[in-house]
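Order of the sequence lines fixes the chain letters, A, B, ..., with proteins taken first and strands second; residue numbering starts at 1 for each chain. Small disclaimer: the values here were computed from a predicted structure and weren't measured.
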Amino acid sequence: MLGLKRTNSCGELMSNFAGQEVVLCGWVSRRRDHGGLIFVDLRDRSGIVQVVFSPEVAQDAFLKAETVRNEYVLTVRGVVKLRDSDTINPNMPTGEVEVNGLEIRILNAAKTPPFYIQDDIDVDETLRLKYRYLDLRRPEMQRNIILRHRATKLMRDYFDSNNFLEVETPILIKSTPEGARDYLVPSRVHPGKFFALPQSPQIYKQILMVAGIERYFQIARCFRDEDLRADRQPEFTQLDIEMSFVDQEDIMKMMEKMLAYLFKEANGIEISAPFIRMTYDDAMNKYGSDKPDLRFGMELMDISEAVRGSEFKVFESVLKAGGRVKAIKVPNYSHIPRKELDGLVEYVGSFGGKGLAWMCYTPDGIKSQITKFFSEEIVGKITAMTEAGEGDLLLLMADKPAVVNPVLGQLRLEMARRLDMIDPDKLCFLWVVDFPMFEYDEEEKRWVAMHHMFTAPRDEDIQYLEQDPGRVLAKAYDVILNGTELGGGSLRIYQRDLQEKVFNAIGFSVEEATEKFGYLLEAFEYGTPPHGGIALGIDRLIMLMAGRPSLRDVIAFPKTQSATDLMAQAPGTVAPRQLKDLHVKLDVLAKK
RNA sequence: GGCCCCGUGGUGUAGUGGUCUAACAUGCCGCCCUGUCACGGCGGAGAUCGACGGUUCAAAUCCGUUCGGGGUCGCCA
């Protein structure tokens, strides 16, 4: 490349560069060979510009351009010129100019890629993941990577200017009980012992508060060895925050401002703060979810009192057992085909719903399989209570709240998707607050912490910790965007005796607690400030900002659903010697 | 661990028991072409239909197993 130093990027060449000689570097996005004239679309990170090679302008460059193929890596020297008005391409940002190629250096040839390096391709994701370096060359993926960079930069700027310190915490830590399955790393030095990879930096950030850091943040990699989803990867990134001398509102305000700043600077979108605050109870009762999507209505309605005393045995027995009868009103869908209704019964079944009733308010009256069990009065009460009118469809379910709420909540989302009721451009943030401290684990027959075991109970509920743990609410809060949990946090326990009470409530003995995190309990005795924090899932946040349906589109090198890296072929086998060093013996037979 | 969807030239699809010696588009290769921008024209190469087993006179097509990918329930404090 002697004497040819890159002077400009492809995407920046606009009409004001006309007449300038430039040296560009990039990849051949496309070549159009007209025999006596060759067009090369040259692409770099900034964009694409058209380079023209003509034998009259530069014979050598023209001959070399004939040999060039897609994805060849070039340095091109040429002169920017305005295009004739009839050859302007309004579809590309640089379409008013082109570069008259004077000289080409082929820095590297390239094999024909297995898929097009362009947006909106329709290829199996397996291929994209295997050739991730080609996938990432596509402009839309580059935009995602750039957005992610900008977003994390803005976060760092924001927290820096609010007097936070970014502190790194260890990746090799001690396995702690509860929560997700740990990724484990065997210790060579300590035979039979293991490190765990952090599910979050929880304990370290609390200890940083004891250490007087006061305001901590970290863009932290976290690991959870659980099954994957479109919005769940086994390793993911959290924006982790912890603050001393604050209450719940302080933390929520700090995050609201950060999110408003982020969306404004990165996406140019104004979002209104403060966000709605909704109690966990309200969220479950009205939306059947602790992460409600508020972009549309169709709330769950409790019609137990309207149907009480009917001839319909299913409803009556549920009500007698303390359950509820609830409904959602699907607007303008009373003409739903019978076949789809049957499908919905099956749909709720997949979530544990035992049945589904319907009332179609058609122009010819109410069509329903259950109104024959209802008096006119009851039908009237239902209609009044739900404000159902002609054209509406009521979907009804009866069960205990722990079933009817989540299942109807799922149905609410499904109906909204089917009827296209969700505005994809809307951003609905909210806080869900007043979470229960514990939930009962049927398998283990004990209470477990809903958020985590360092979460502080509300002061007024501490009295119930021993007798009635189910009644205790926590100083915990989740931030939700469009039905996705962006993150959650809590105020923490900072007194040893209260922490021990909570351990007690979840059946955690003092000995066990001491063995697992005695260091934290001990730290609490050396002057711990009141503190609390929150963590946001950065991958999910970027996914929503980029409007992508999958986390994999905003992670440079994501894993497949079976937690493998198709490009690097990880995980892989290791040499027997490595296992020996680690004192690890396998109980699986190596595949032939 | 359960349920659902997908797997056919490089890529995306069609073909759902025989007429498939597998079609179409695009990409690739060659020739032609001086204003294209998804350039165009002509010609050519390229697939034992994910793998294995079974049913059948006959399988891309039906059945079973398995592998890979995706979605989801469980799981994910």
Side-chain angles (χ1 to χ4, degrees), chain A residues 29-42 48-57 62 69-71 83-92 94-95 98 100 111-131 134 176-182 199-200 202 222-234 236 346-353 406-407 410 414 435-439 441-444 447-455 474 476 478 485 488-490 502 506 508 535 537 549-550 552 559-562 564 566 591:
Chain A
S29 184
R30 201 166 241 119
R31 188 185 67 117
R32 290 176 295 281
D33 185 345
H34 286 238
L37 193 64
I38 296 170
F39 299 95
V40 169
D41 291 341
L42 195 66
I48 295 176
V49 72
Q50 172 167 284
V51 186
V52 192
F53 295 98
S54 148
E56 290 150 20
V57 175
F62 177 80
R69 292 295 179 271
N70 284 352
E71 300 311 314
R83 299 199 196 183
D84 296 336
S85 59
D86 55 329
T87 61
I88 285 176
N89 184 348
N91 299 320
M92 56 199 290
T94 61
E98 62 194 6
N100 272 347
K111 286 165 73 172
T112 302
F115 52 83
Y116 310 106
I117 312 298
Q118 61 187 39
D119 289 351
D120 299 315
I121 54 170
D122 180 22
V123 300
D124 196 303
E125 200 172 349
T126 312
L127 263 188
R128 291 177 51 204
L129 290 171
K130 182 175 176 192
Y131 299 96
L134 297 178
T176 52
E178 311 268 306
R181 193 176 294 114
D182 279 327
Q199 297 177 29
S200 83
Q202 186 60 36
C222 304
F223 307 84
R224 294 179 189 175
D225 189 3
E226 298 290 350
D227 287 347
L228 289 80
R229 290 287 185 281
D231 64 352
R232 254 163 48 191
Q233 283 273 310
F236 60 101
E346 213 170 291
Y347 181 80
V348 299
S350 71
F351 293 96
V407 176
Q410 288 289 350
E414 178 64 16
F435 275 83
M437 207 40 201
F438 308 105
E439 56 192 338
D441 186 323
E442 295 289 348
E443 259 180 48
E444 297 199 32
W447 294 95
V448 296
M450 195 159 177
H451 186 57
H452 58 58
M453 57 180 99
F454 310 111
T455 299
D478 277 2
E485 180 191 330
S490 63
V502 169
I506 57 174
F508 220 61
S550 162
R552 295 185 297 274
K559 296 199 168 41
T560 65
Q561 192 164 70
S562 54
T564 62
L566 289 180
K591 272 188 196 164

Show me the side-chain donor-acceptor pairs of residues 30-38 of chain A shorter than 3.5 Å, one per line, residues at least two apart or across chains.
residue	atom	partner	partner atom	Å
A/Arg31	NE	A/Val68	O	3.2
A/Arg31	NH1	A/Glu66	O	3.0
A/Arg32	NH1	A/Asp41	OD2	3.0
A/Arg32	NH2	A/Asp41	OD1	3.0
A/Arg32	NH2	A/Asp41	OD2	3.4
A/Arg32	NH2	A/Gln50	OE1	2.8
A/Asp33	OD1	A/Gly35	N	2.8

Ring pair (Phe, Tyr, Trp, His ring centres under 6.0 Å) filter on A/Phe508, not counting sequence neighbours, yields A/Phe503
Which value, in whole Å, describes the distance between the C1' atoms of nucleotides B/rA38 and B/rG27? 12 Å
For the student: nearest non-hydrogen atoms of A/Thr455 and A/Ala474, plus distance: CG2-CB, 3.7 Å
Say we look at B/rG40 and B/rC33: how far apart would their C1' atoms be, to the nearest angstrom? 8 Å
A/Arg224: partners by side chain to side chain donor-acceptor pair (under 3.5 Å), with sequence neighbours left out: none
For A/Tyr131, which residues count as a ring pair (Phe, Tyr, Trp, His ring centres under 6.0 Å) partner, sequence neighbours excluded? none
How is A/Thr455 classified with respect to the nucleic acid when contacts are heavy atoms under 4.0 Å: base, sugar-phosphate, or nothing? nothing
A/Pro234: side chain to side chain contact (heavy atoms under 4.5 Å, CB included) partners, not counting sequence neighbours: A/Tyr183, A/Leu228, A/Lys559, A/Ala563
A/Phe435: which residues meet the ring pair (Phe, Tyr, Trp, His ring centres under 6.0 Å) condition with it, sequence neighbours left out? A/Tyr280
Among all residues two or more places apart in sequence or in another chain, which pass the side chain to side chain donor-acceptor pair (under 3.5 Å) test with A/Thr87? none
So, are A/Arg552 and A/Glu125 salt-bridged, with charged N and O less than 4.0 Å apart? yes
What distance, rounded to whole Å, do you find between the two P atoms, one in B/rA22 and one in B/rG41? 26 Å
Please work out which residues in residues 346-353 of chain A have a non-hydrogen atom less than 4.0 Å from an atom of RNA chain B and list them by number. A/Phe351
Do A/Arg69 side-chain and B/rG27 base share a donor-acceptor contact under 3.5 Å? no
Side chain to side chain donor-acceptor pair (under 3.5 Å) partners for A/Glu178, two or more places apart: A/Arg446
Under a 4.0 Å heavy-atom criterion, the protein footprint on nucleotides 5-12 of chain B, written with B, S and -, is -----BSS
Looking at the base of B/rC75, is there any donor atom on it, or on the side chain of A/Arg232, that sits under 3.5 Å from an acceptor on the other one? yes
Can you tell me, in whole Å, how much space there is between the C1' of B/rA47 and that of B/rU26? 16 Å
Sequence neighbours excluded, the answer for side chain to side chain donor-acceptor pair (under 3.5 Å) partners of A/Asp227 is none
Quick one: does A/Glu98 reach the base of B/rG35 with a side-chain donor-acceptor pair under 3.5 Å? yes
B/S/- contact track for nucleotides 39-50 of chain B, protein heavy atom under 4.0 Å: B-----------
So does A/Arg83 reach the base of B/rU36 with its side chain, donor to acceptor, closer than 3.5 Å? yes
